[in-house]
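Note sheet for the following structure.
Note: hydrogens, waters and symmetry copies are ignored here, and every other heavy atom, side chains too, is used. Labels below follow one simple rule: chain letters A, B, ... track the order of the sequence lines, proteins then strands, and each chain is numbered from 1. Since the model is a prediction, treat every value here as computed from it, not as a measurement.
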There are 2 protein chains.
Amino acid sequence: MATKQQAQRRAAGSRAAVHRPKPQSANGTGRDHDAEREIGLDALVGHAGYAVRRFQLWIFQDFIKTLAAVDIRPTQYSVMTVIGANPGLSQMAVAKRLGIERARLVHLLDSLEARDLVNRIPSATDRRSHALHLTTSGKAALAQFRRLAAEHERHVAEKIGKENRERLLQILAAFT
Amino acid sequence: MATKQQAQRRAAGSRAAVHRPKPQSANGTGRDHDAEREIGLDALVGHAGYAVRRFQLWIFQDFIKTLAAVDIRPTQYSVMTVIGANPGLSQMAVAKRLGIERARLVHLLDSLEARDLVNRIPSATDRRSHALHLTTSGKAALAQFRRLAAEHERHVAEKIGKENRERLLQILAAFT
DNA sequence: GAAGATTGTTGTTGACGACAACAATTGATG
DNA sequence: CATCAATTGTTGTCGTCAACAACAATCTTC
């Protein structure tokens, strides 16, 4: 119900409303935007965080869409990749490596284990920890995931340009 | 309680455990990683989404930390920036411009309005929509936010390099 | 004036990050 | 060797966020 909205309208009556001070567009163009035309961002352009957020949103959506047939999300893919490349890792090691919390990894592994993609094998050397391995079907599945992920990566290259993608990876290499 | 873990241990006994197939490090180095040493990511390196996720996490944390004194999060800052640069916009227009859902914007504006930073003024031309404006204190506050955001942006430049930041913004300009 | 679209709102769902506890186990220190 | 601190996996809660789905009020279009 839009009661709040109504209440506000009743209270505000029909005052101010068209009170629209000069758009003060600081970008120098000075164009107006009364309708839903171009909306200036001014200070927002030039903020790395904003651009990265938008890009991350786009890239994740494309990843999820491209891997929708196999129902694998980016985080799940990263977990399986690390385990596949380093069999026997503990949960702690995987979590630290991927920058996710061990509490969160528990649920991720629960779902992957329920789908018979990953195995938690009790470690012999440390009875607290689990040695993580891909199951046989997990290895086969990961191969397919990789192909789809490569397709997604091609989408990225199409979107921002092949050389720009390379440059991006190079710039952000310190975070991987 | 770690009952699940225990049950698994009891069931598994002391079998496999050290069963650690060759690390199959495909990156060509062939170094091992039995301890918590270097953990190969293999296929994960070269995935733009992973790098971007890590970077986005870092950049947001730094933004939140840098603007902690004024208690402003990245999304709140972007909303105020757009409204400040384009007074009188409707919620729909702001949401579309920033790529956030109008449902989400409702709560964002609720909090900003509760802090007397933003005003929802009923539009005279369309009684469904609200014309969004910064309050007087909102404008003053935004000026301070901008200074802190600039400081945050300097952190980014320090982290990845001044010219790399420029390049990054240029590459992702299509998403802003 | 009726039908359909739009706007703001509420609510739900699920992924996710951040914390805080906790039991079991290990490691270090006395 | 006994004890205490640290680690590991687990459970739980909290808050943020994206994605939907509904809904009332209102606008637009025919």
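- The side chain of A:Arg102 sits closest to D:dG9 out of C:dG8, D:dG9, D:dT16.
- Of the candidate nucleotides D:dT11, D:dT8, C:dT7, C:dT7 has the atom nearest to the side chain of B:Met92.
- Put simply, the side chain of B:Gln76 reaches to within 4.5 Å of the side chain of B:Ser111, judged on heavy atoms.
- Counting to the nearest Å, the C1' atom of C:dG8 and the CG atom of B:Asp126 are 11 Å from each other.
- Contact check, A:Arg53 against D:dC17: no side-chain N or O comes under 4.0 Å of OP1 or OP2.
- Taking atom NZ of residue A:Lys96 and atom P of nucleotide D:dA6, one finds them 15 Å apart after rounding to whole Å.
- The CH2 atom of A:Trp58 sits 18 Å away from the P atom of D:dA18 (whole-angstrom rounding).
- As rounded to whole Å, 10 Å separates atom C1' of C:dA15 from atom CZ of A:Phe60.
- Nearest-nucleotide mapping onto DNA chain D: of B:Ile100 and A:His107, the residue sitting toward the 5' end is A:His107.
- Among the nucleotides D:dG9, D:dC17, C:dC19, the one closest to any side-chain atom of A:Gln91 is D:dG9.
- The base of C:dG17 lies outside donor-acceptor range of the side chain of A:Arg104, with no N or O pair under 3.5 Å.
- For B:Glu151, the CD atom counts as densely surrounded, since its 6.0 Å shell holds more than 12 non-hydrogen atoms of other residues, nucleotides or ligands.
- We find that CG of B:Leu108 is positioned 10 Å from C1' of D:dC17, with the value rounded to whole Å.
- Per the geometry, CG belonging to A:Asp110 stands 14 Å off C1' belonging to D:dG12, to the nearest Å.
- Below the 3.5 angstrom threshold, one finds a donor paired with an acceptor across the side chain of A:Arg128 and the base of D:dT7.
- Atom CD in B:Glu101 sits about 15 Å away from atom P in C:dT7, given to the nearest Å.
- Side-chain contact check for B:Leu168 versus A:Arg167: every heavy-atom pair is 4.5 Å or farther apart.
- Among the nucleotides D:dT11, C:dA15, C:dT26, the one closest to the side chain of A:Arg127 is C:dT26.
- Counted within 6.0 Å of CD on B:Glu166, heavy atoms from surrounding residues, nucleotides or ligands total more than 12; the atom is thus considered enclosed.
- When distances are taken from the side chain of A:Ala103 to each of D:dG9, C:dG17, D:dT11, the shortest belongs to D:dT11.
- A:Leu105 comes within contact range of no nucleotide atom at all, as no heavy-atom separation falls under 4.0 Å.
- Stems are defined here as 3 or more consecutive Watson-Crick or G-U wobble pairs with pairing distances under 3.5 Å; those involving DNA chain D are C:1-30 with D:1-30.
- Taking a 4.5 Å side-chain heavy-atom cut-off between Ile, Leu, Val, Met, Phe, Trp and Tyr, the cluster of A:Ile64 contains only that residue.
- Here A:Arg54 pairs with nothing under the salt bridge (charged side-chain N to carboxylate O under 4.0 Å, His left out) rule; sequence neighbours left out.
- Across A:Arg102, A:Lys96, A:His130, a single residue satisfies side chain to side chain donor-acceptor pair (under 3.5 Å) together with A:Gln91, and that is A:His130.
- Looking at B:Asn119 and B:Thr135, their side chains never bring a donor and an acceptor atom within 3.5 Å of each other.
- Which of C:dT25, C:dA15, D:dG9 sits closest to the side chain of A:Ser129 comes down to D:dG9.
- If you take CG of B:Leu109 and P of C:dT7, they are 15 Å apart, rounded to a whole angstrom.
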